[in-house]
Amino acid sequence: MSDKRVRVRFAPSPTGGLHLGGVRTALFNYLFARKNNGDFVLRIEDTDQNRYVEGAEKYIIDCLNWCGITPDESPVNPGQYAPYRQSERKTLYREYAERLVMQGHAYYAFDSAEELDKNRKEIPNFQYGQVYRDTLRNSLSLPQPEVDQLLADHTPHVIRIKIPADQTVSFTDMIRGRVSFETNQLDDKVLLKADGMPTYHLAVVVDDYLMKISHAFRGEEWLPSAPIHLLLWDYLGWKADMPQWAHLPLILKPDGNGKLSKRDGARLGFPVFALDWEGAAGFDGMGFLPEAFVNFLATLGWNDGSGQEIFTMDELVSKFSIDRISKAGAKFDFEKAKWFNAEWIKRSTAETLHPKVKAVLESKGVTIKNDAYLATVIDLIKDRCTLLTDFYPQAAYFFQTPAEYDLAAVKPKWTDEKTAFFKAIIEQVKSTPTIVAADFEATFKALAEEKGLKTGDVMLPFRIMLVGGKFGPHVFDIAALLGRDETVSRIEQALAAFA
RNA sequence: GGCCCGUUCGUCUAGGGGUUAGGACGUUAGAUUUUCAUUCUAGAAACAGGGGUUCGAUUCCCCUACGGGCUACCA
């Protein structure tokens, strides 16, 4: 086992947007694969034709790419275990299901959905299992000739696993340790559906085997069905090749309880998807850096024990280990997610931020003519941005004259002396070839004193003239960046509004 | 209801038989910044409860409580 090549798979079902929990599962798979020089496989589990959502598969792949966790093998980049969509592997599963029937580990069942629903409603704790299966319509209860006839007539039927009585099924989960189940509590799950598609239970076992998966990560919600899978691995004769299981703790709703669902985003005002999905803003559209998103997700249920919180993908790969994954579910905390993003923005260079910031500004109608100028702006303001979208309010005034002023902050205290002061400043600025921040500051203060004004009384108005509001970096740095002519013109324009 | 998993500050977590139970987010108060943010300093804030085991349990065991998951021809 130890010499076996590490191969892991992320196996989502294409039923809609990929949410946080799914991305984290993918991430842990990826980290484990990279750390162990293994393969990271994306397998699309589209066995439920009713829930199939157009575009979901592409969306999943786009999400993984955006996060920087591109699979080594996938439907769009097949390896030697193709195909990677279960719908395209359909014919394969029947053979294994029939084999189980032949060996007595499974059987045909002809009951209709309606009949079963009725039983569930009328019989408390009804389970299609050892207690009731003899009373239902299946190849165990019906005489062989009748079964043959039913089959010959192509009567709709499913194949169910025959759970044995009085056994204890147990295994060692990499996160939880020893876990056991009594087979008497289990029901005879459907393996092959009436439409010929396998259920998750059959497909996951067959494909993990065929694709030589060595370690299987999945959410904790799968723990109760693990014994079914264990039994299947055994009955199919593949026990020695069974992957090691790791059931990941769930990501919970920030308020109340329960696992985080796709609807919580709209309800609570934060993204649950990585990328935008059907009008709902994802972390991307919300202004998150993929590095920050990945970093945040990695620390939701995992830590390296050192107290370090900011990790690059490379660090994550080298430090990741399953025994440091926690057992308990973790509530999603959007505030903490934002903190990670702010940290990542602060630590990123203007160069790496450049294209993303440019896109944000352009989407707001700001035209960027000078990339070097933008780079300087980014360096000046990135410390005050939590989300990429914050660059718009924080940077817009570097590119366009303020559309409106915070008049409440200046008008009540406006005086003719101030008007005179700024007129003098205009002349002063006009007489210099370029604005040098430190020099300008000195001149500004000297002139204020000369006019009998307190520096503080004219600094804020000056800021509002250039910026429009009470925010932004050092005002003289702004003036220097804006340049002589623009500074003069903004003062002139503002003077008209202030007086 | 049944089965399974879990439980350290509000949240994410470290720790582990003897600790002032540590960090981070958030929060509060100061400092710095003639704006705002950053930054810095300080503060409040936790071992679910009950039994064991032990010289000593937050740490190990059991029970209870609470939380979560599953209980489909969905994954």
Side-chain angles (χ1 to χ4, degrees), chain A residues 11-15 45-48 50-51 86 109 111-113 116-117 120 124-128 156-160 173 175-177 179-182 184-187 189-201 203-204 218-227 247 249-250 252-254 256-259 296 299-310 324 326-340 342-343 346 381-386 390 394 406 409 445 448 454-464 467 469-475 478:
Chain A
S13 134
T15 54
E45 311 229 328
D46 54 350
T47 54
D48 184 352
N50 301 315
R51 296 211 309 158
Q86 290 184 328
D111 318 85
S112 70
L116 295 178
D117 280 347
R120 289 197 182 92
N125 294 332
F126 172 82
Q127 284 203 135
Y128 204 124
H157 65 276
V158 301
I159 292 180
R160 288 179 180 272
D173 185 89
I175 294 171
R176 277 149 228 288
V179 184
S180 320
F181 301 84
E182 298 302 322
N184 290 347
Q185 303 289 342
L186 271 26
D187 59 342
K189 289 284 182 227
V190 170
L191 263 21
L192 200 75
K193 302 188 262 189
D195 64 2
M197 279 287 194
T199 59
Y200 173 83
H201 305 298
V204 73
R218 55 171 27 166
E220 193 188 345
E221 71 264 28
W222 289 110
L223 204 45
S225 55
H247 290 90
L250 265 17
L252 278 7
K253 299 175 195 291
N257 302 301
K259 68 173 170 174
F296 168 65
T299 57
L300 211 49
W302 173 86
N303 72 84
D304 77 337
S306 74
Q308 180 178 347
E309 301 215 69
I310 304 298
R324 294 209 60 91
S326 43
K327 296 181 178 71
K331 283 186 184 172
F332 170 68
D333 181 357
F334 190 47
E335 291 305 317
K336 185 97 184 217
K338 286 195 287 191
W339 174 78
F340 272 103
E343 286 300 310
K346 274 186 284 190
I381 63 170
K382 63 179 184 171
D383 281 6
R384 35 199 8 113
C385 295
T386 296
D390 292 338
Q394 293 293 340
D406 184 351
K445 287 180 176 173
K454 277 190 268 184
T455 312
D457 291 340
V458 280
M459 284 275 268
L460 186 64
F462 186 39
R463 166 177 298 281
I464 291 173
V467 175
K470 293 189 280 185
F471 62 93
H474 199 47
V475 70
I478 298 173

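Within every chain, numbering begins at 1; the chains are lettered A, B, ... in the order of the sequence lines, protein sequences first and strands thereafter. Heavy atoms only: backbone and side chains are in, while hydrogens, waters and symmetry mates are out.
- Comparing A/L116 and A/F471 along RNA chain B, the residue whose closest nucleotide (by nearest heavy atom) sits nearer the 5' end is A/F471.
- Here the straight-line distance linking atom CG of A/L223 with atom CZ of A/R218 works out to 8.5 Å at 0.5 Å rounding.
- Rounded to a whole angstrom, the distance from the C1' atom of B/rG17 to that of B/rC40 is 39 Å.
- Atom-to-atom, CG of A/D48 to P of B/rC73 comes out at 12 Å; the value is rounded to the nearest Å.
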With 3.5 Å as the limit, what N/O pairs link the protein to nucleotides 1-5 of chain B?
unit_1	atom_1	unit_2	atom_2	d
B/rG1	N2	A/N125	OD1	3.2
B/rG1	N3	A/N125	OD1	3.2
B/rG2	O2'	A/Q185	OE1	3.0
B/rC5	O2'	A/R176	NH1	2.6
B/rC5	O2'	A/E220	OE2	2.9

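- Residues satisfying the ring pair (Phe, Tyr, Trp, His ring centres under 6.0 Å) criterion with A/F332, sequence neighbours excluded, are A/F270, A/F296.
- Across all strands shown, B/rC9 has no partner, as no Watson-Crick or G-U wobble contact with both distances under 3.5 Å is found.
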Contact pattern, 5' to 3', of nucleotides 8-14 of chain B - B, S or - by protein heavy atom under 4.0 Å: ---SSSS
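- Among residues two or more places apart in sequence or in another chain, the side chain to side chain contact (heavy atoms under 4.5 Å, CB included) test is passed with A/P227 by A/V169, A/F181, A/L186.
- Rounding to the nearest 0.5 angstrom, the gap separating the OG1 atom in A/T15 from the CG atom in A/N50 is 12.0 Å.
- When the C1' atom is used for both B/rU7 and B/rA48, the distance is 7 Å, rounded to whole Å.
- Contacts of A/D406 classified as side chain to side chain contact (heavy atoms under 4.5 Å, CB included), with partners at least two apart in sequence or in another chain: A/A408, A/A409, A/I464, A/K470.
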Pairwise N/O distances under 3.5 Å, protein to nucleotides 43-48 of chain B:
none

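- Base contact: A/D111 has a heavy atom under 4.0 Å from a base atom.
- Contact of the A/S225 side chain with the A/K189 side chain is not registered, since no non-hydrogen atoms from C-beta on lie closer than 4.5 Å.
- In terms of heavy-atom proximity, A/K253 sits nearest to A/K331 at O-CG, 3.4 Å.
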Interface polar pairs with nucleotides 38-42 of chain B, N/O, under 3.5 angstrom:
unit_1	atom_1	unit_2	atom_2	d
B/rU38	O3'	A/K346	NZ	3.0
B/rU39	OP1	A/K346	NZ	2.8

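- For the atom pair A/I478 CD1 and A/I381 CD1, the distance stands at 9.5 Å (nearest 0.5 Å).
- Atoms NZ and CG, on A/K338 and A/D333 in that order, are 9.5 Å from each other to the nearest 0.5 Å.
- Across the P atoms, B/rG22 and B/rA14 are found 15 Å apart, a figure rounded to whole Å.
- When the salt bridge (charged side-chain N to carboxylate O under 4.0 Å, His left out) test is applied to A/K193, no partner is found at least two apart in sequence or on another chain.
- A close approach under 4.0 Å does occur between a side-chain nitrogen or oxygen of A/R120 and OP1 or OP2 of B/rC73.
- Residues passing the salt bridge (charged side-chain N to carboxylate O under 4.0 Å, His left out) test with A/D46: none are found, sequence neighbours excluded.
- Across every strand in view, B/rU38 sits unpaired, with no contact that passes the Watson-Crick or G-U test at under 3.5 angstrom.
- Listed by chain and residue number, nothing satisfies the salt bridge (charged side-chain N to carboxylate O under 4.0 Å, His left out) test with A/K327 (two or more places apart in sequence, or in another chain).
- When heavy atoms are screened at a 4.0 angstrom cut-off, A/G258 is found touching the sugar-phosphate backbone but no base atom.
- Atom pair A/I464:CD1 and B/rU34:C1' shows a separation of 13 Å (rounding to whole Å applied).
- Across B/rU34, B/rU35, B/rA75, the shortest atom-to-atom separation from the side chain of A/M459 is found for B/rU34.
- Residues A/Q86 and A/M197 form no side-chain contact, since every pair of their non-hydrogen atoms from C-beta on lies 4.5 Å or further apart.
- Toward the 5′ end of RNA chain B lies the nearest nucleotide of A/H474, the other residue of the pair A/H474 and A/A109 mapping further downstream.
- Pairing for B/rA57 is absent, judged as Watson-Crick or G-U wobble with the two contacts each under 3.5 Å.
- Pairing of B/rA46, defined by two Watson-Crick or G-U wobble distances under 3.5 Å, is not identified with any nucleotide.
- Using a 4.0 Å heavy-atom criterion, one finds that A/T386 contacts no nucleic acid atom at all.
- Here the separation of B/rC60 from B/rG15, taken at their C1' atoms, is 16 Å to the nearest Å.
- The C1' atoms of B/rC62 and B/rA44 are separated by 36 Å, rounded to the nearest whole Å.
- Heavy atoms of A/P249 sit nowhere under 4.0 angstrom from any nucleic acid atom.
- Across all strands, A/H247 comes closer than 4.0 Å to no nucleic acid atom at all (heavy-atom distances).
- Following rounding to the nearest Å, A/K193 (NZ) and B/rC74 (C1') show an atom-to-atom distance of 7 Å.
- Regarding A/D46, its CG atom lies at a distance of 13 Å from the C1' atom of B/rC74, rounded to whole Å.
- Side-chain contact check for A/P198 versus A/E45: every heavy-atom pair is 4.5 Å or farther apart.
- As rounded to whole Å, 18 Å separates atom P of B/rG69 from atom CG of A/D173.
- Here A/D117 pairs with A/R120 under the salt bridge (charged side-chain N to carboxylate O under 4.0 Å, His left out) rule; sequence neighbours left out.
- Taking atom P on both B/rU64 and B/rC5, the two are 14 Å apart, rounded to the nearest angstrom.
- Under the rule for a ring pair (Phe, Tyr, Trp, His ring centres under 6.0 Å), the partners of A/Y200 that lie at least two apart in sequence or sit in another chain are A/W222, A/H229.
- When heavy atoms are screened at a 4.0 angstrom cut-off, A/K454 is found touching no nucleic acid atom at all.
- Residue A/V190 is in sugar-phosphate contact alone, with no base atom involved, counting any heavy-atom pair closer than 4.0 Å across all strands shown.
- Comparing the same atom, P, in B/rC4 and in B/rC63 gives a spacing of 12 Å after rounding to whole Å.
- In this structure, B/rC70 forms a base pair with B/rG2, meeting either the Watson-Crick or the G-U wobble geometry with both donor-acceptor distances under 3.5 Å.
- Nearest to the side-chain atoms of A/T199 among the listed nucleotides B/rC73, B/rG69, B/rU34 stands B/rC73.
- Contact annotation: A/R51 does not reach the phosphate of B/rA75 (side-chain N/O to OP1 or OP2, under 4.0 Å).
- Distance check, rounded to the nearest 0.5 Å: CZ of A/R324 to CG of A/D304 gives 7.0 Å.
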